[in-house]
Amino acid sequence: MNRLLILGGGGHGRVVADIARLNGYEDIGFLDDSADCGDLPFPRLGKCGDTVRYVADGDFIVAIGNAAVRRNFQERIAAAGGNLAVLIHPRAVVASSAVIGRGSVVMAGAVVNPDAKIGEGVIVNTAGTVDHDCEVGDFAHVSVGAHLCGTVKIGHGTWIGAGATVINNISICGNCLIGAGAVVVKDIRQAGTYVGIPAKLLHKTL
Ligand SMILES: CC(C)(COP(=O)(O)OP(=O)(O)OC[C@H]1O[C@@H](n2cnc3c(N)ncnc32)[C@H](O)[C@@H]1OP(=O)(O)O)[C@@H](O)C(=O)NCCC(=O)NCCS
């Protein structure tokens, strides 16, 4: 029986669990530091810190929204020889020439178009789109309904907020937060939080 361990039993973790089930995982369990995760669809087997104990037992996915925490756990799993899954919802559209790195999740209604390169530990959330030739850095997050037009580059750990749009041929450096509904029309070279149409700097640091 194929087993998947999901780190993180929050709302995001429950969406990930549903995709895992649709991807054919039959034995699914959560690792979460909170003993009271509410109503999980699959058993909580232990804490995130127990990861290494389970490394030989199955595949892993880190379903934690914070990019730095997601990265930390994913690197620990990889260093311990664990296998990181790639989960793609059956109702997502992913071009055959797109590349998706380990530990990444593509959710329902998302589109990843030809020759896009999605790094490791990336979230392409519900109905988010990544168009042709985009490069999405490791541990980035394209939120619900956000759109990257063609040939956009997103740096490591950058979070594109819900419903935001990045027009074609734009580069955004790592560790940025693009606010919900923003439209990015110029390259962003300084890490920070950007909001509005056109997107402007709100805070210099996250
Ligand atoms: C951008 C964001 C991170 C700002 O959060 P914050 O640093 O706590 O900022 P504040 O809420 O204190 O707001 C500061 C100012 O920015 C404005 N602002 C905040 N978010 C904004 C947005 N998305 N677009 C336009 N203006 C925004 C606020 O109205 C406020 O303006 P004011 O000073 O004139 O009152 C947050 O609002 C946001 O958009 N997060 C994205 C959430 C998301 O997309 N989640 C998706 C999960 S899948």
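Under a hydrophobic-cluster definition in which Ile, Leu, Val, Met, Phe, Trp and Tyr are linked whenever side-chain heavy atoms come within less than 4.5 Å, directly or via other members, Val105 and Val94 are assigned to different clusters. Linking ILVMFWY residues whenever their side-chain heavy atoms come closer than 4.5 Å, directly or via other members, places Val130 and Val122 in the same cluster. Note: the hydrophobic cluster containing Val112 also contains Ile154 (ILVMFWY, side chain heavy atoms under 4.5 Å, direct or indirect links). When the side chains of ILVMFWY residues are joined at heavy-atom separations under 4.5 Å, either directly or via intervening members, Val111 and Val142 end up in two distinct hydrophobic clusters. Neither Val93 nor Ile123 shares a network with the other; the hydrophobic side chains, linked directly or stepwise wherever heavy atoms of I, L, V, M, F, W or Y lie under 4.5 Å apart, form separate groups for each.
Remark: Arg21 pairs with Asp18 by the side-chain hydrogen bond (donor to acceptor under 3.5 Å, both in side chains) rule, at least two apart or across chains.
Contact of the His12 side chain with the Met107 side chain is registered, since non-hydrogen atoms from C-beta on lie closer than 4.5 Å. Within the 4.5 Å cutoff, the side chain of His203 has no heavy atoms near those of the Leu177 side chain. Side-chain contact between Lys186 and Pro198 is absent, with no heavy-atom pair separated by less than 4.5 Å. Contact check for Ile118 versus Val124: side-chain heavy atoms found under the 4.5 Å cut-off. With a 4.5 Å cut-off on side-chain heavy atoms, Ser104 and Leu87 do not count as touching. Put simply, the side chain of Asp33 reaches to within 4.5 Å of the side chain of Lys47, judged on heavy atoms. Residues Ile6 and Ile28 form a side-chain contact, since some pair of their non-hydrogen atoms from C-beta on lies under 4.5 Å apart. At least one side-chain heavy atom of Tyr25 sits under 4.5 Å from a side-chain heavy atom of Asp59.
Although no hydrogens or angles enter the test, the distance criterion places no donor-acceptor pair under 3.5 Å between the side chain of Asn125 and the main chain of Gly145. Of the possible donor and acceptor atoms, one in the side chain of Asn23 sits under 3.5 Å from a partner among the backbone N and O of Ile19. Although no hydrogens or angles enter the test, the distance criterion places a donor-acceptor pair under 3.5 Å between the side chain of Arg70 and the main chain of Gly65. The closest donor-acceptor contact from the side chain of Thr151 to the backbone of Asn169 lies at 3.5 Å or more, if one exists at all.
Taking both residues in full, the closest heavy atoms of Phe30 and Gly9 are given as CD2-CA, 3.8 Å, listed atom of the first, atom of the second, then distance. Shown here for Ala20 and Leu4, the closest heavy-atom pair between the two residues is CB-CD2, 3.4 Å. The two residues Ala17 and Pro41 make their nearest non-hydrogen contact at CB-CG, 4.3 Å. Between Pro114 and Ser97, the shortest heavy-atom contact is CA-OG, 3.3 Å. Between Cys48 and Gly8 the shortest heavy-atom distance is SG-N, 4.4 Å. When every heavy atom of Ala140 is checked against every heavy atom of Gly155, the shortest pair comes out as CB-O, 4.1 Å.
With rounding to the nearest 0.5 angstrom, the CZ atom of Arg71 is 12.0 Å from the CG atom of Asn66. Between the NZ atom in Lys153 and the CG atom in Asp133 there is a gap of 10.5 Å [rounded to 0.5 Å]. One distance of note links CZ of Arg14 with CZ of Phe42; it measures 12.0 Å at 0.5 Å rounding.
Here Val62 sits in one hydrophobic cluster together with Leu5, Leu7, Leu31, Leu45, Tyr54, Val55, Phe60, Ile64, Val69, Phe73, Ile77, Leu84; the rule is ILVMFWY side chains under 4.5 Å apart, joined directly or through other members.
A salt bridge is absent between Lys117 and Glu135; no separation between the charged side-chain nitrogens and carboxylate oxygens falls under 4.0 Å. Arg189 and Asp187 are joined by a salt bridge, as a carboxylate oxygen and a charged side-chain nitrogen come within less than 4.0 angstrom of each other. The pair Arg3-Asp57 meets the salt-bridge criterion, since a charged nitrogen lies less than 4.0 angstrom from a carboxylate oxygen.
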Query raised in the report: Taking it one step at a time, do Leu148 and Thr129 satisfy side-chain contact (heavy atoms from CB on, under 4.5 Å)?
Result: CA-CA 6 Å; Leu148 308 184; Thr129 67; 6.0 Å; no
Requested in this report: Kindly determine whether Arg102 and Gln74 satisfy side-chain contact (heavy atoms from CB on, under 4.5 Å), including the steps that lead there.
Outcome: CA-CA 9 Å; Arg102 60 187 182 165; Gln74 184 152 330; 4.3 Å; yes
Requested in this report: Kindly determine whether Leu202 and Thr193 satisfy side-chain contact (heavy atoms from CB on, under 4.5 Å), including the steps that lead there.
Outcome: CA-CA 5 Å; Leu202 179 66; Thr193 298; 4.1 Å; yes
Requested in this report: Would you please test Ile178 and Ile188 for side-chain contact (heavy atoms from CB on, under 4.5 Å) and show each step?
Outcome: CA-CA 10 Å; Ile178 308 301; Ile188 293 179; 3.7 Å; yes
What pairs of donor and acceptor atoms, side-chain ones from residues 158-167 against any protein atom, are under 3.5 angstrom apart with sequence neighbours left out?
from, atom 1, to, atom 2, distance (Å)
Thr158, OG1, Cys173, O, 2.7
Thr158, OG1, Asn175, N, 3.1
Thr158, OG1, Cys176, N, 2.9
Trp159, NE1, His141, ND1, 3.4
Trp159, NE1, Ser143, OG, 2.7

